[in-house]
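Everything below concerns the one structure shown next.
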Amino acid sequence: MKKTSKNKLAISGGTPIRNLQLPYGRQWLDDEDINAVVNVLKSDWLTTGPKVAEFERSFAETIGAKEAVTVSNGTAALHAAMYALGIGPGDEVIVSPMTFTASANCILYQGGIPVFADVDAKTLLIDPEQVKSKITSRTKAIIAVDYAGQPCDYDALNDIARSHNIHLVDDACHALGGYYKNKPVGSLADLNTFSLHPVKHITSGEGGVITTDNFPFAEKMRMFRSHGITSNPRQRELSDSWFYEMVDLGYNYRLTDFQCALAMNQLKKLSGWVKRRQEIAKRYDIAFSSIPEIAPLCLRKDVSHAYHLYVIRLNPEKMHTDRATIFKALRAEGIGVNVHYIPVHLHPFYQQKLGTKRGMCPAAEKAYEEIISIPIYPKMNEIDVNDVIKAVQKVICAFS
Ligand SMILES: *Cc1c(COP(=O)(O)O)cnc(C)c1O
């Protein structure tokens, strides 16, 4: 591209590619979704009624898992998973630093100790060799994160978990609809957690789901999401209908019926939406393959990537600027870029309370300086996709 006045960056007073900013992700609701919610609002049950059970069954079926347990959000799903595994004070849980803080916070909720294992520099997925090196006699579990929507190396991770007699959790919040060796995400670890936040693959406003084949874990989490109260109907029959017992300290982490009605309708669209995300990713891959200053993350051969995020990585040696400037320039062009994520161990809370510091996970730290997430969501049309490509070409060209 020639450096003419037409290519003047918006950040320097040029004309932006878009006047209204394109977000990096957003929900897609239609009239059917709205009607599903309205019908529940007109019914007798607003919460914990038939729609919760119906959605849990459909979700489990879609994933190919035996059980699905709904909770109020993805963070509660992670907390419930830690509870089900019996994580408590002094227990260590190995987790990826390249994630949203909730993936590690859930360990702290239970009094456990997050231990960060660095990621593979090419994929930003937790590195099984690093996981191995962090295992001690106090390690109780591993939390893998399917960063951006690409499933981790589950054969390696399950081998490690099995050989040390510990559990594997998949924080699958990015990867609903993805596959690892033709097995759906949600069936890959002992417990698999999802978020139904509007930027995720399907939404219920706020919401979370845990899938598992382990029935006792599912029962524990159903109790945990409702104050630690058991309400075994048979027990109720045997005594009196008012009978229930609180057997452990739980929370109110329930999802409502009208949210489940929305999620239920959204679930029907999942496979089509994942296909559309993959199509957009392919367009980006092709368009950016001729720009040496940036590269997509590496794609593993044995997976189907669900593309919650499309992350580009800048090559700082080929540019005379930094990520912050590229970020600002893309925003000025009307492209709602983002950065996912500040490595968890670098947050002030973690540094102050847990003594984590720079240098502990060099691959994640280096990647953090170079990554930008560009818009990707099924409702994007061809004009939107082309605008993102044009803006990236324009900005990178100006700084190379
Ligand atoms: C979104 C997300 C969560 C938290 O989900 P909420 O529903 O917002 O609580 C946890 N982990 C990852 C990786 C996420 O992307």
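Whatever order the structure lists ligands and atoms in, that order sets their numbers, starting from 1.
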For [atom], what is the nearest protein heavy atom, given as residue, atom name and distance?
{"atom": "atom 8 (O) of ligand 1", "result": "Ser195 OG, 4.1 Å"}
{"atom": "atom 11 (N) of ligand 1", "result": "Asp171 OD2, 2.8 Å"}
{"atom": "atom 9 (O) of ligand 1", "result": "Thr75 OG1, 2.5 Å"}

Heavy-atom contact under 4.0 Å between Gly208 and ligand 1? no
Does a side-chain N-to-carboxylate-O contact under 4.0 Å join Lys134 and Asp118? no
Taking distance alone, with no angle check, do Val145 and ligand 1 share an N/O pair under 3.5 Å? no
Check ligand 1 against [X] and write out every atom of the ligand that is under 4.0 Å from a heavy-atom position of the residue.
{"X": "Ser103", "answer": "11 (N)"}
{"X": "Tyr341", "answer": "15 (O)"}
{"X": "Gly74", "answer": "5 (O), 6 (P), 7 (O), 9 (O)"}

Can you confirm whether the side chains of [X] and [Y] place a donor and an acceptor under 3.5 Å from each other?
{"X": "Gln278", "Y": "His305", "answer": "no"}
{"X": "Gln150", "Y": "Thr123", "answer": "no"}
{"X": "Arg283", "Y": "Asn386", "answer": "yes"}
{"X": "Asn338", "Y": "Ser373", "answer": "no"}
{"X": "His345", "Y": "Glu365", "answer": "yes"}

Can you run down the ring-ring contact (aromatic ring centres under 6.0 Å, His included) pairs that involve residues 129-164, sequence neighbours left out, and say none if there aren't any? Tyr154-Tyr180
Which is it for [X] and ligand 1 at heavy atoms under 4.0 Å: side chain, backbone, both or neither?
{"X": "Thr99", "value": "side chain"}
{"X": "Phe194", "value": "neither"}
{"X": "Asn73", "value": "both"}

For atom 1 (C) of ligand 1, which of the options His174, Lys200, His197, Met98 provides the nearest non-hydrogen atom? Lys200
Ala261 to Lys51 - nearest heavy-atom pair and separation: CB-CD, 4.1 Å
